[in-house]
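Take a look at the structure set out below.
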Amino acid sequence: MKIHKMETYALYNKKFSSFALYEGKYGGSCNPYKISSKFQPRNQDMTYVVSLRKWVESFQLDTVSNNSVLLRHIKEGQCYCYDLVCKILHISQVNQDEWMLFVWDGSDAPPLQLQSELETEKDHSLPLQLEPQPLAREALCKFPTIGTILRVSVNQRNVKLNIPSLSPGRWVKFINLMLKVHEGLWFGVLNSSTKVRFVPIEDVMVVERQRDFEKRLSSKFDRMPFTSFPWPIRITEVDDEVEDVPLVTLMDIMTYQQATGKYKCIVRVVAALPWTVKDFRSPDGTYRVRLTLEDPTGRIHAYLYAEDGKVFFEGYPPLDALIRKWNTLLGVAEDGGGGVIKNAPRNPPWVLCCIKSYYLNKNDVWGSRKFRIFDTKLVC
């Protein structure tokens, strides 16, 4: 046994050491899931394992740390490492050596500035998610509809992690988890210095997160992004008839039990196609624009089409007035004279809008489901 940097380690020497790894608190098997080549089982081994399983039931690792943060406390900038206490919601295998963990702590990660240029949207669209393929609806519907779901990348070539032990529903503490940004989305990366510890549901950190989440559920502002308080800037307006309709998140919309519906939410418009104002209408004058909407729970594509587009843009305003409004909506940086600052990051504001869902093919309702913005005006 060795001590290094105030941590205790079991040092394995290939010449004379041997080991066996057994499932812990939640295990029932008498067989180790991994052994060394020199391991020889003994009659008393299972006595020790059973005793340890009983002991760990009442053992509580000290997870209370000044370094542990909520996702809403992470900061944009260079790569940082944090200690996070999260619940594992889902695990998927990206390829032979890479896995992705979907974790959640009930809070909203802060919105990010976007480095991408609007004109790249046609050939290189902002992704709706970090995983190569979107999750099946069955998996998505098991996720909480409030709070950011952080993707954590695990490359087994660089980091050895016992993936089978990380079952959905378990709480873990990531120590020294590196957080990065890709295409305006937060994600975590396990590296050689990252540690993963299981946390019992009775732990004070877990109890606090569950309590904060339940408190948020009981509030009438529960679906508002944390950074949009006390209310979004008046850039858009919705129809008076939906003023009292409760707010929902984009995850609420994506997991709604019916394919069709109408919703009100607070989002950011992070991309558009086409991106130039002069191309918003077809030759016959019909508006057709695809927007990429974002909130702390996810991203979707929503369309401005025909009369809904006409309502949104308040008819057919002069080109210069529409450009000014559009730049405000997409967070485009401008100089004092109203000119666009080249290569400056964009920071779209939070806006209120109404969204309706529909489908194109009755034989493939969920596969052909789409979203449109309606009863919303751009008034900035």
Side-chain angles (χ1 to χ4, degrees), residues 61 63 65-115 126-135 139-140 142-144 146-199 203 205-206 208-209 212-213 225-227 251 270 294-299:
L61 190 67
T63 57
S65 168
N66 292 331
N67 296 325
S68 295
V69 299
L70 291 164
L71 284 174
R72 73 166 180 253
H73 295 146
I74 60 179
K75 298 183 182 297
E76 183 177 3
Q78 64 186 50
C79 295
Y80 288 105
C81 290
Y82 293 93
D83 293 354
L84 296 175
V85 175
C86 304
K87 185 179 184 180
I88 298 175
L89 301 178
H90 184 74
I91 303 171
S92 66
Q93 188 168 10
V94 178
N95 55 48
Q96 183 177 354
D97 298 312
E98 187 175 357
W99 294 76
M100 185 169 286
L101 312 180
F102 296 74
V103 303
W104 167 93
D105 72 358
S107 67
D108 295 341
L112 291 157
Q113 296 189 81
L114 298 156
Q115 304 297 330
L126 275 180
L128 299 184
Q129 70 281 321
L130 291 173
E131 54 273 23
Q133 298 295 328
L135 291 178
L140 207 63
K142 295 178 181 178
F143 289 178
I146 300 176
T148 297
I149 296 166
L150 181 72
R151 276 68 168 169
V152 178
S153 176
V154 183
N155 191 319
Q156 293 284 63
R157 287 174 296 180
N158 303 324
V159 179
K160 299 302 179 184
L161 186 65
N162 182 21
I163 295 294
S165 69
L166 301 176
S167 55
R170 297 193 70 175
W171 284 84
V172 296
K173 180 178 181 181
F174 293 105
I175 300 173
N176 208 34
L177 177 68
M178 181 175 289
L179 293 183
K180 295 184 177 181
V181 174
H182 178 69
E183 302 283 18
L185 296 169
W186 290 103
F187 73 102
V189 178
L190 260 66
N191 55 42
S192 58
S193 64
T194 305
K195 296 187 179 78
V196 183
R197 291 176 175 171
F198 294 117
V199 183
D203 187 277
M205 301 289 277
V206 175
E208 285 179 358
R209 280 153 178 74
D212 290 346
F213 173 64
F226 184 77
T227 56
M251 186 62 76
V270 294
E294 171 188 279
D295 78 355
T297 68
R299 284 178 177 173

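Fair warning: this is a prediction, and the values are worked out from it, not measured in the lab.
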Could you please spell out the steps behind the side chain to side chain contact (heavy atoms under 4.5 Å, CB included) verdict for Lys173 and Ser68?
-> CA-CA 9 Å; Lys173 180 178 181 181; Ser68 295; 3.4 Å; yes
At what distance, to the nearest 0.5 angstrom, does CD1 of Ile74 lie from CG of Leu177?
-> 9.5 Å
Nearest heavy atoms of Arg170 and Ser165, plus distance in Å | NH1-O, 3.3 Å
Asn176 and Lys195: CA distance, side-chain angles, deciding distance, side chain to side chain contact (heavy atoms under 4.5 Å, CB included) verdict = CA-CA 7 Å; Asn176 208 34; Lys195 296 187 179 78; over 6 Å; no
Student check: side-chain heavy atoms of Lys142 and His90 closer than 4.5 Å = no
Hey, is the main chain of Pro127 close enough, under 3.5 Å, to the side chain of Arg299 for a donor-acceptor pair?
-> yes
Heavy atoms, side chains only, cut-off 4.5 Å: are Lys180 and His182 in contact?
-> no
Pairwise distance CD1(Ile88) to CZ(Phe102) - rounded to 0.5 angstrom | 12.0 Å
Rounded to the nearest 0.5 Å, how far apart are CD1 of Ile175 and CG of Leu84?
-> 11.0 Å
One should read off an interatomic distance between Trp171 CH2 and Asp105 CG, to the nearest 0.5 angstrom, of 7.0 Å
Output yes when a side-chain donor or acceptor of Gln93 lies under 3.5 Å from a complementary backbone atom of Asn95, and no otherwise.
-> yes
Non-hydrogen atoms of Val172 and Val199 that approach each other most closely | C-CG2, 3.7 Å
Do you know which two heavy atoms are closest between Trp186 and Lys75, and how far apart they sit?
-> CH2-O, 3.3 Å
Where the side chain of Arg209 meets the backbone of Val85, is there a donor-acceptor pair that is under 3.5 Å apart?
-> yes
Any sub-3.5 Å donor-acceptor pair from Glu76's side-chain atoms to Gln113's backbone N or O?
-> yes
Pairwise distance CZ(Arg72) to CG(Asp108) - rounded to 0.5 angstrom = 8.5 Å
Residues forming a ring-ring contact (aromatic ring centres under 6.0 Å, His included) with Trp104, sequence neighbours excluded = Phe213
Would a 4.5 Å heavy-atom cut-off, applied to side chains only, mark Trp99 and Val152 as touching?
-> no
Counting only N and O atoms by type, is there a donor-acceptor contact under 3.5 Å from the side chain of Asp212 to the main-chain atoms of Gly106?
-> no
Could you pull out the closest heavy-atom pair between Gly184 and Leu114, with the gap in Å?
-> CA-CD2, 3.8 Å
Of all heavy-atom pairs between Met251 and Thr297, which one has the smallest distance, and what is that distance?
-> N-OG1, 3.0 Å
Quick one: are Asn155 and Asp97 in side-chain contact, heavy atoms under 4.5 Å?
-> yes
Distance in Å, Cys86 SG paired with Phe174 CZ, rounded so as to fall on 0.5 Å steps | 6.0 Å
Under 3.5 Å donor-acceptor, Thr227 side chain and Pro110 backbone | no
Do you know which two heavy atoms are closest between Gly188 and Leu150, and how far apart they sit?
-> N-CD1, 4.1 Å
Arg151 vs Ile149, side chain to side chain contact (heavy atoms under 4.5 Å, CB included): CA-CA, chis, key distance, verdict = CA-CA 7 Å; Arg151 276 68 168 169; Ile149 296 166; 3.9 Å; yes
